[in-house]
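To start, the structure itself, in structure tokens.
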Amino acid sequence: MSKETAIQAGTKNAPERVADPVERGAESSIATVPDLTRNAVDVLPEGRLAEQLKLDRPLRVKLGIDPTTADIHLGHTVVLGKLAEFQAAGHTVVLIVGDFTARVGDPSGRSASRPVPTPEEIEANATTYQEQAYKILDPAKTEVRRNGEWLDMNLADLLRLMGTTTVARLLERDDFQKRMAENAPIAGHELLYPLMQGYDSVAIDADVELGGTDQKFNLLFGRDVQSAYGKPPQSIMTLPILVGTDGVQKMSKSLGNYVGVTDPPDEMFGKLMSIPDEAMDEYFRLLLPQVEKPEAEPVRQKRFLAGQIVDRFHGSGKGREAEQAFDKVFVQHAVPEDIPEVDLSDYLSDGDGEVHLPRLIAGSFGMSTSEGRRLLAGGGVKLDGEAVDAHNLDVPAEALAGRVLQVGKRRFARLSSLD
RNA sequence: GGGGGAGUGUCCGAGUGGUUAAAGGAGAUGGGCUGUAAACCCAUUGGCUCUGCCUACAGAGGUUCGAAUCCUCUCUCCCCCA
């Protein structure tokens with residue numbers, strides 16, 4: 001989306017935003033305060049949000065996202081879900097796509113500067129990100145803006161922005177304190193991050209800004225920036241950071257412990273089944289606020305959780321299907337329905353009509369032949385469910401044609417028949 | 001501008017001339033057990049045409065029979081002083 005269309009989209013939506021709360025009436029807005037703060041960790045300053053909700057106008061509720069990765073995962077949906085609640089209460093969500101802030105990289109929770117994505121990556125990510133966010137948000141009540149619109153400023157404007165604070169204030173944040181203690185580098189431009197994010201709030205007249213608990217500093221900092229520009233400071237709300245499927249670290253793509261909202265149903269179900277029992281309560285509370293955790297044995301509860309979440313992102317009934325597919329593979333140890341087919345002829349050694357198994361495994365599952373060899377030696381490779389004898393690395397193609405090659409519990413490939 | 005310190009495999013981290021593809025740990029993967037949970041046990045964890053070969057300790061040269069370990073230059077990072 002270009003700058004122009006982004007602005008138009010916002011303008012076009014304006015009448016709907018205004019109409020909603022008028023119909024709802026002031027009392028209902030006040031009544032929604034406890035709901036809106038549910039699961040929140042910090043709602044600051046104390047009592048400010050309640051006052052704002054009495055204003056009887058749609059609040060402009062901001063969320064900034066940096067398109068540094070393409071996919072939204074369940075961790076992001078905690079905050080997005082909260083935004084959706086604001087929308088349901090008649091407020092406007094302003095989604096800031098941080099095409100400019102992505103060039104800096106949010107220092108929050110980072111022990112090192114992060115690599116800067118290329119403009120092309122940022123652009124591609126921004127597009128998919130927005131699409132995926134609409135799985136949760138109501139597009140009609142969402143205003144999407146790129147912060148490059150206003151952050152691509154001249155030096156005079158930047159100097160004014162920087163003059164609104166002090167270096168000491170910028171260094172106060174925990175992340176920087178830690179890095180300094182560890183003698184880790186802090187890049188100069190990282191200092192600017194909170195200023196840039198704060199200026200976003202100035203530019204879009206934010207009333208409320210949401211974020212994860214790791215965003216607390218940035219969110220509060222935005223209030224000061226707004227004040228410096230003569231705007232009423234926003235209130236802030238932080239929400240818990242969802243733990244990843246390992247149950248230990250926060251969910252993140254780079255840690256590989258995430259469940260993407262666009263993950264196929266079977267995969268989503270499987271990943272959710274692998275979370276530790278201790279993480280279940282949190283998953284129920286943060287991801288399915290409207291659903292009761294059933295009284296049952298842990299496996300049942302987890303199956304229910306996984307099914308509900310699949311339903312939420314793929315449509316009602318998909319959770320049940322995913323559960324059936326799951327049972328088929330992991331309980332009945334059957335071969336799943338859709339598995340990739342591998343063309344055996346690609347692996348025929350010249351002349352003798354034999355196939356070098358390590359190479360076949362490597363090619364079929366994207367690993368090195370050495371790794372394939374090791375798996376073979378470790379008894380992790382099966383053909384039609386039977387463990388493969390590791391002594392014969394070269395096997396006649398006829399012995400493989402049409403059979404199902406399996407590595408571990410969950411990687412399958414169907415071998416083509418010979419023509 | 002001056003002085004000091006550091007760059008080792010996915011990550012952390014030993015190793016200061018000779019069985020070092022590189023201790024140990026984490027993570028990951030495979031096997032056992034199981035609820036694709038946890039815990040626990042075992043194995044593997046650079047690549048390959050694999051009883052061997054190749055490539056590796058920031059990069060490039062050099063010394064040596066032999067270097068991650070010594071020397072030179074380069075790059076990157078951190079700290080202190082100014």
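Annotation: cation-pi geometry satisfied between K271(A) and Y258(A) (NZ/CZ under 6.0 angstrom from ring centroid, within 45° of ring axis).
Using the Watson-Crick or G-U wobble rule with both distances under 3.5 Å, C48(B) pairs with G52(B). Of all nucleotides present, only G5(B) satisfies the Watson-Crick or G-U wobble test against C77(B), with each distance under 3.5 Å. Figure legend. G17(B) is base-paired to no nucleotide; pairs are counted as Watson-Crick or G-U wobble with both atom distances under 3.5 Å. With a cut-off of 3.5 Å on both pairing distances, the Watson-Crick or G-U wobble partner of A43(B) is U29(B). Checking G35(B) for Watson-Crick or G-U wobble geometry (two distances, each under 3.5 Å) identifies no partner in any strand.
When the C1' atom of C77(B) is taken as reference, atom CD of E190(A) falls 14 Å away, rounded to whole Å. Between the C1' atom of A37(B) and the CZ atom of R410(A) lies a distance of 15 Å, rounded to the nearest Å. Rounded to whole Å, the distance from NZ on K328(A) to C1' on U36(B) is 17 Å. We find that CD of E371(A) is positioned 14 Å from C1' of C48(B), with the value rounded to whole Å. L375(A) places its CG atom 8 Å from the P atom of G31(B), with the value rounded to the nearest Å. One atom, OH of Y347(A), and another, P of U49(B), lie 13 Å apart when rounded to the nearest Å. Following rounding to the nearest Å, I361(A) (CD1) and U44(B) (C1') show an atom-to-atom distance of 14 Å. Rounded to whole Å, the distance from CG on L376(A) to C1' on G30(B) is 11 Å.
Along RNA chain B, the nucleotide closest to V381(A) and the one closest to E278(A) are compared, and the more 5′ of them pairs with V381(A). Annotation: of the two residues near RNA chain B, R373(A) and M280(A), the 5′-most nearest-nucleotide partner is M280(A).
A distance of 9.5 Å separates CE in M162(A) from CG in L155(A), rounded to the nearest 0.5 Å.
Here the closest non-hydrogen pair linking M268(A) and V261(A) is CE-O, 3.6 Å. Counting all heavy atoms, side chain and backbone alike, T77(A) lies closest to I136(A) at CG2-CD1, 3.3 Å.
Under the 4.0 Å criterion applied to side-chain N and carboxylate O atoms, D384(A) and R403(A) are assigned as salt-bridge partners. In this structure, R374(A) does not pair ionically with E371(A), as no charged nitrogen and carboxylate oxygen lie closer than 4.0 Å. The pair R146(A)-D152(A) fails the salt-bridge criterion, with no side-chain N (NZ, NE, NH1 or NH2) lying under 4.0 Å from an Asp/Glu carboxylate O.
Between the P atoms of G2(B) and U8(B), the separation comes to 27 Å (whole Å). For the P atom pair drawn from G24(B) and G15(B), the interatomic distance equals 14 Å after rounding to whole Å. Taking the P atoms as reference points, G18(B) lies 15 Å from C71(B), given to the whole Å. Annotation: A26(B) and C40(B) have their P atoms spaced 10 Å apart (nearest Å). Taking atom C1' on both nucleotides, G35(B) is separated from A22(B) by 40 Å, rounded to a whole Å. The same atom, P, is picked in A21(B) and in U69(B); the two are 15 Å apart, to the nearest Å. Taking atom P in both U74(B) and G46(B), the straight-line distance is 35 Å, to the nearest Å. The separation of U10(B) from U45(B), taken at their P atoms, amounts to 14 Å, rounded to a whole angstrom.
Which of G35(B), U36(B), C48(B) sits closest to the side chain of T369(A) comes down to C48(B). Of the candidates U29(B), U34(B), A37(B), U34(B) carries the atom nearest the K409(A) side chain, counting heavy atoms from C-beta on. Among G35(B), C50(B), G46(B), the nucleotide with an atom closest to any side-chain atom of R374(A) is G46(B). Of the candidates C48(B), U49(B), U36(B), U49(B) carries the atom nearest the R359(A) side chain, counting heavy atoms from C-beta on. Across U36(B), G35(B), C48(B), the shortest atom-to-atom separation from the side chain of S370(A) is found for C48(B). Closest to the V299(A) side chain, of the nucleotides C50(B), G35(B), U36(B), is G35(B).
Remark: the D277(A) side chain and the G35(B) base include a donor-acceptor N/O pair separated by less than 3.5 Å.
Note on L393(A): nothing from the nucleic acid sits closer than 4.0 angstrom, heavy atoms only. Among the atoms of the strands shown, base atoms are found under 4.0 Å from some heavy atom of G270(A).
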